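The structure appears right after this line, and notes come after that.
Not measured: the values here are computed from a predicted model. What you see below is based on every heavy atom in this structure, not just the backbone, and it leaves out hydrogens, waters and symmetry mates. Labels below follow one simple rule: chain letters A, B, ... track the order of the sequence lines, proteins then strands, and each chain is numbered from 1.
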Amino acid sequence: MRANGVTGGMSRALGSCTVNEQSPRAQSAPADHDEDLPEQMRVRREKRARMLEAGQDPYPVEVPRTATLREVRDGHPDLPADTSTGDEVAVTGRVIFARNTGKLCFATLREGDGTELQAMLSLAKVGQESLDDWKRLVDIGDLVSVEGEVITSKRGELSVLAERWRMAAKALRPLPVAHKPLSEEARVRQRYVDLIVRPQARENARVRSAVVRSLRATLDARGFVEVETPMLQLLHGGATARPFVTHSNALDIDLYLRIAPELYLKRCVVGGIERVFEINRNFRNEGVDSSHSPEFAMLEVYEAYGDYNTMADLTRRLVQDAAKDVFGSTVVRHHDGSEHDLGGEWRQITLYQAVSEALGEEVTPATPVETLRQYADKHDIAWDAKWGPGKLTEELFEELAVHTLVAPTFVRDYPIETSPLTRAHRSTPGVAEKWDLYLQGVELGTAYSELVDPVVQRERLMRQSLLAAKGDPEAMRLDEDFLRAIEYGMPPSGGMGMGVDRLLMALTGLGIRETILFPLARPE
RNA sequence: GCGCCGUUAGCUCAAUUGGCAGAGCAGCUGGCUCUUAACCAGCGGGUUCGGGGUUCGAGUCCCUGACGGCGCACCA
C-alpha cells in the first residue's frame, strides 16, 4: 500500500544499494556470521558452502527429470520383489526419510501430490565419491534428482536405483518431526512447512480448489457470468459491518476495503448482465474466532426474474454439485469420520415455525413483544428493552433453534423489522422474502427477493444512514450512484450470498483457519 | 474488550515439595550392500517467551509485558 509514488522509488533504490554491498560478503564467507545460529542450520549452511567449494551448485537452474514419482508408480504396478525393469528414469523429490548403510543408501522421496518413491544409491552403481557426497551433503528436507533404473528392492519396495544423483535445492532449515503433529500455531504461521509434512494440509488446499471450481462450473452451466467488482470502494455498503480503511495517495482520499460486492453486482443486473456472480474476498474489521476471519471468500449471485425461491434451488444445486465433485456423492465425510447426507430436497421452514417448534408455543409476526419477553424469561434468555418483536423472535431462534438445524434447512421469511433493506413478502404481512441456509448448526448463506423500487430503496438507505450517524462520527453516506443505477430500472431479481470458507467447513468439518491457507495472525 | 489456561533443544513433549534442565525424532563422529519412523556405539545441542521481584537457590512462586489456545461479548 505504501509502495506507491516517490517513497516507493526511493526505497527500491536504497534496497538495491544494500544488496550490492552485502552480496560479495555473503558469497565468500557464508558461515562466518552464522555462529549464533542453531547447530542444525549452521551445519546445513556449511554443506551448501562445501558444495560451492567443490564446484557443485546447490541450487542449479535445472536438474534431470523425465518422470514424476506418480508416473513411475503408475507405470510399474504390482512388481514382485527384486525385479529389474530396464526402465531408465530421472525423478525428483524432497527427501523425507533417509536410511544409510555403509555401501547402500535408501531415501524416501516425496513430490507435491504426496506420492512417495524410494531412491537407492549403491557403491557399485554410483561409485565411492558420489556415495560419500550423498552421505555428507544430503539432509532430510533437501530436494534431489535421482537418475537410474526402476527396480524393486529385495523387500519389494518400488525404487529408482541411482546411476547419478544431483542436489536440486539444498534445504537450510531442518524439517519438523514427520510423525508428531505440528502445533496449531506452527501450522498456521508456517503453512509451507505444514504443507510439506502433512498430507492432510495439501489435501485441504486441493479440496478448496475443487469446491471453487465446482461452484464456477455449476453457475457457468446455467449461464451466469463471473465478474470482478471493486474491492477498494469510496463508500462501503451491501451489508452492516465495520470496514477496514485505507488511503489512496494519488487521489488523496480514504478508501474502504469492501464488506460486500452487492451494490456493484446489482449495477451489473441493471445494465443487463442478468445472471451475474462473483467469488472473491470481503473484509470485515470485526471479531476473529474459529468461524470468523477478517478476510473471507464469498460467492454472491444475482438472477434477474428470479426470487428467493429460485435462489434456494440454485444454492442447493451449488452445494450438492460441490459435494459430488469432491466426494463423488452427496454424502460428505468429515475428518472426524462422521457422514452427512446433503442429497435430495432440503427442508424449508419459516422462522416463525422454527421458533414455535423450539418453544412449544405458537409464535407469529403478530405475537406481541410482551408475550415474547415471557418466553425469553422462561428459557433464561436475556433481552433488551429496545428490541422489538422481530429482533426478539430472531434472538429466540438463535438461542433455541439454530443448533438443532443439522440437516440442510432453509429458514424463511424473516421479520421486516430486522431486514430493512429487503422486499416485503408478497402475501404474508410483517415478514420479508429472505432465507438463511443452516447446515450443521452454522449459517451457510442467505438470499433475498431483492428490493428494486428506487424510491423505497432510497428511503430505507436514508433511514439506515441516519441510524449509523447517531452512533458513528464517520457515518456512512448514501451511495447516490447506486440509487441512480436503480432508478434506471432493475428487473425483479433474486440474490444470494454464501461464505466459501463456511461451505468448505460444512463439507469437510475443518475449522476456518484450516480452510484458509494463510489466515491473518499477529506478528511473531 | 473481559476471564481462564499455556509458551522449555530444529520438532513434539517431560521435569515430584522451590534443589545438578531431560527424552524421542532430527544433527555430528564411527560401523553396516536391502532399509521402511532402519539398526549399533559414541558425542554435541538450552536467553526454560521478554522484563522485574521474592529466595542461599526459580522452568517451578509473585508482578508486568508479548504471543497463542479456550470461553464470554461483538459478528457472517
**OP:** Return the nearest nucleotide to the side chain of Arg502(A); candidates are rU36(B), rA76(B), rG27(B).
**Re:** rA76(B)
Original post:
Between residues 119-130 of chain A and RNA chain B, which residues have a heavy-atom gap below 4.0 Å?
Top reply: Met120(A), Leu123(A), Ala124(A)
Original post:
Rounding to a whole Å, what distance do you find between Arg187(A):CZ and rU12(B):C1'?
Top reply: 12 Å
Original post:
At under 4.0 Å between heavy atoms, what does Glu443(A) touch on the DNA or RNA strands: base, sugar-phosphate, or nothing?
Top reply: sugar-phosphate
**OP:** Using the ring of Phe296(A) (Phe, Tyr or Trp, six-membered ring only), decide whether Arg281(A) places NZ or CZ under 6.0 Å from its centre and within 45 degrees of its axis.
**Re:** no
Subject >> Integer-rounded Å distance: rG10(B) P and Ile196(A) CD1 >> reply: 18 Å
Subject >> With Glu157(A) via side-chain contact (heavy atoms from CB on, under 4.5 Å) - residues at least two apart >> reply: Arg73(A), Gln118(A), Ser153(A), Ser159(A)
Original post:
Between rC28(B) and rC20(B), how far is it from one P atom to the other, in whole Å?
Top reply: 32 Å
Subject >> Side chain to side chain, Lys434(A) and Val411(A), heavy atoms closer than 4.5 Å >> reply: no
Subject >> side-chain contact (heavy atoms from CB on, under 4.5 Å) against Asp313(A), all qualifying residues, sequence neighbours excluded >> reply: Arg316(A)
Subject >> pair Phe224(A)-Val276(A): side-chain heavy atoms closer than 4.5 Å >> reply: no
Original post:
Whole-Å distance between rU36(B) C1' and Gln118(A) CD?
Top reply: 7 Å
Original post:
If you look only at pairs with a residue in residues 77-117 of chain A, which of them pass as a ring pair (Phe, Tyr, Trp, His ring centres under 6.0 Å), with sequence neighbours excluded?
Top reply: Phe97(A)-His179(A)
Subject >> Contact check, side chains of Met498(A) and Leu444(A), non-hydrogen atoms, under 4.5 Å >> reply: yes
Original post:
In whole angstrom, what separates Glu398(A)'s CD from rA76(B)'s P?
Top reply: 9 Å
Subject >> Partners passing side-chain contact (heavy atoms from CB on, under 4.5 Å) against Val326(A) (at least two apart in sequence or in another chain) >> reply: Val207(A), Ala210(A), Val211(A)
Subject >> Spacing of Ile96(A) atom CD1 relative to rA37(B) atom C1', expressed in whole Å >> reply: 10 Å
**OP:** Sort and list the pairs that fulfil salt bridge (charged side-chain N to carboxylate O under 4.0 Å, His left out) and have at least one residue in residues 99-115 of chain A, not counting sequence neighbours.
**Re:** Arg65(A)-Glu111(A), Arg70(A)-Asp113(A), Arg110(A)-Glu116(A)
Can you tabulate the close N/O pairs, meaning under 3.5 Å, that link protein atoms to atoms of nucleotides 13-15 of chain B?
none

Original post:
What nucleic acid atoms does Asp82(A) come within less than 4.0 Å of, heavy atoms only: base, sugar-phosphate, or nothing?
Top reply: nothing
Original post:
If you look at every strand shown and take non-hydrogen atoms under 4.0 Å, does Lys47(A) touch a base, only sugar-phosphate, or nothing?
Top reply: sugar-phosphate
Original post:
If you write RNA chain B from 5' to 3' in dot-bracket form, with Watson-Crick or G-U pairs under 3.5 Å, [ ] for crossing pairs and | for pairs with another strand, what do you get?
Top reply: (((((((..((((.....[..)))).(((((.......))))).....(((((..]....))))))))))))....
Subject >> C1' gap between rA9(B) and rU64(B), integer Å >> reply: 27 Å
**OP:** Determine the interatomic distance between P on rC63(B) and the same-named atom on rG3(B); round to the nearest Å.
**Re:** 13 Å
Original post:
If the P atom of rG50(B) is compared with that of rU60(B), how far apart are they to the nearest Å?
Top reply: 10 Å
**OP:** State whether Lys154(A) places a side-chain N or O below 4.0 Å from either non-bridging phosphate oxygen (OP1 or OP2) of rU36(B).
**Re:** no
**OP:** Describe, in one word, how the ring planes of Tyr414(A) and Phe397(A) are oriented to each other, choosing from parallel (under 30°), tilted (30 to 60°) and perpendicular (over 60°).
**Re:** perpendicular
Original post:
Given Glu46(A), which of Arg48(A), Arg44(A), Arg42(A) fulfils the salt bridge (charged side-chain N to carboxylate O under 4.0 Å, His left out) condition?
Top reply: Arg42(A)
Subject >> C1' atoms of rC4(B) and rA21(B), separation to the nearest Å >> reply: 28 Å
**OP:** Quick one: list whatever passes side-chain contact (heavy atoms from CB on, under 4.5 Å) with Glu71(A), sequence neighbours left out.
**Re:** Ala67(A), Thr68(A)
Original post:
Where along residues 279-286 of chain A does a heavy atom come under 4.0 Å from RNA chain B, residue by residue in number order?
Top reply: Arg284(A), Glu286(A)
Original post:
Taking the nucleotide of RNA chain B with the closest heavy atom to each, which residue, Thr152(A) or Ile140(A), is nearer the 5' end?
Top reply: Ile140(A)
Original post:
Considering residues at least two apart in sequence or located in another chain, which fulfil the salt bridge (Lys or Arg N to Asp or Glu O under 4.0 Å) criterion with Glu88(A)?
Top reply: none
Original post:
With sugar-phosphate meaning primed atoms plus P, OP1 and OP2, does Ser293(A) contact a base, only sugar-phosphate, or nothing at under 4.0 Å between heavy atoms?
Top reply: base
Original post:
For atom P, what is the distance between rG18(B) and rU29(B), given to the nearest Å?
Top reply: 43 Å
Subject >> Nearest listed nucleotide, side chain of Pro174(A), among rG10(B), rU12(B), rC34(B) >> reply: rG10(B)
Original post:
Is the closest side-chain heavy-atom distance between Glu300(A) and Phe277(A) below 4.5 Å?
Top reply: no
**OP:** Kindly say if Arg189(A) contacts the phosphate of rG68(B), meaning a side-chain N or O under 4.0 Å from OP1 or OP2.
**Re:** yes
Subject >> Nearest-angstrom distance from the residue atom CD of Gln440(A) to P of rA76(B) >> reply: 20 Å
Original post:
Using a cut-off of 4.0 Å on non-hydrogen atoms, how would the nucleic acid contact of Leu182(A) be classed: base, sugar-phosphate, or nothing?
Top reply: sugar-phosphate
Subject >> 5' precedence on RNA chain B between Asn100(A) and Lys135(A) (nearest-nucleotide basis) >> reply: Lys135(A)
Original post:
Expressed as a whole number of Å, how far does the C1' atom of rU17(B) sit from that of rC13(B)?
Top reply: 23 Å
Subject >> Side chain to side chain, Leu400(A) and Val355(A), heavy atoms closer than 4.5 Å >> reply: no
Subject >> ring centroid sep under 5.5 Å plus plane angle under 30, Phe296(A) with rA76(B) >> reply: yes
Original post:
Any idea how Trp346(A) and Phe410(A) line up, ring-wise: parallel (<30°), tilted (30 to 60°), or perpendicular (>60°)?
Top reply: tilted
**OP:** Ignoring the backbone of Glu157(A), work out which of rC28(B), rU36(B), rU33(B) is nearest its side chain.
**Re:** rU36(B)
Original post:
Is Glu450(A) paired with Arg423(A) through a side-chain N to carboxylate O contact shorter than 4.0 Å?
Top reply: no
Original post:
Can you give one letter per nucleotide of nucleotides 42-49 of chain B, 5' to 3': B if a protein heavy atom sits under 4.0 Å from the base, S if only from the sugar-phosphate, - if neither?
Top reply: --B-----
**OP:** Could you work out the separation of rA26(B) and rU54(B) based on their C1' atoms and round it to a whole Å?
**Re:** 39 Å
Original post:
Side chain of Asp139(A): nearest nucleotide among rU12(B), rC28(B), rU33(B)?
Top reply: rC28(B)
Original post:
Hey, does Pro294(A) have a side-chain heavy atom less than 4.5 Å from the side chain of Leu520(A)?
Top reply: yes
Original post:
To the nearest Å, how far apart are Leu437(A) CG and rA76(B) C1'?
Top reply: 13 Å
Original post:
Does any non-hydrogen side-chain atom of Leu314(A) lie less than 4.5 Å from one of Leu318(A)?
Top reply: yes
Original post:
Rounded to the Å, how far apart are Leu175(A) CG and rU12(B) P?
Top reply: 12 Å
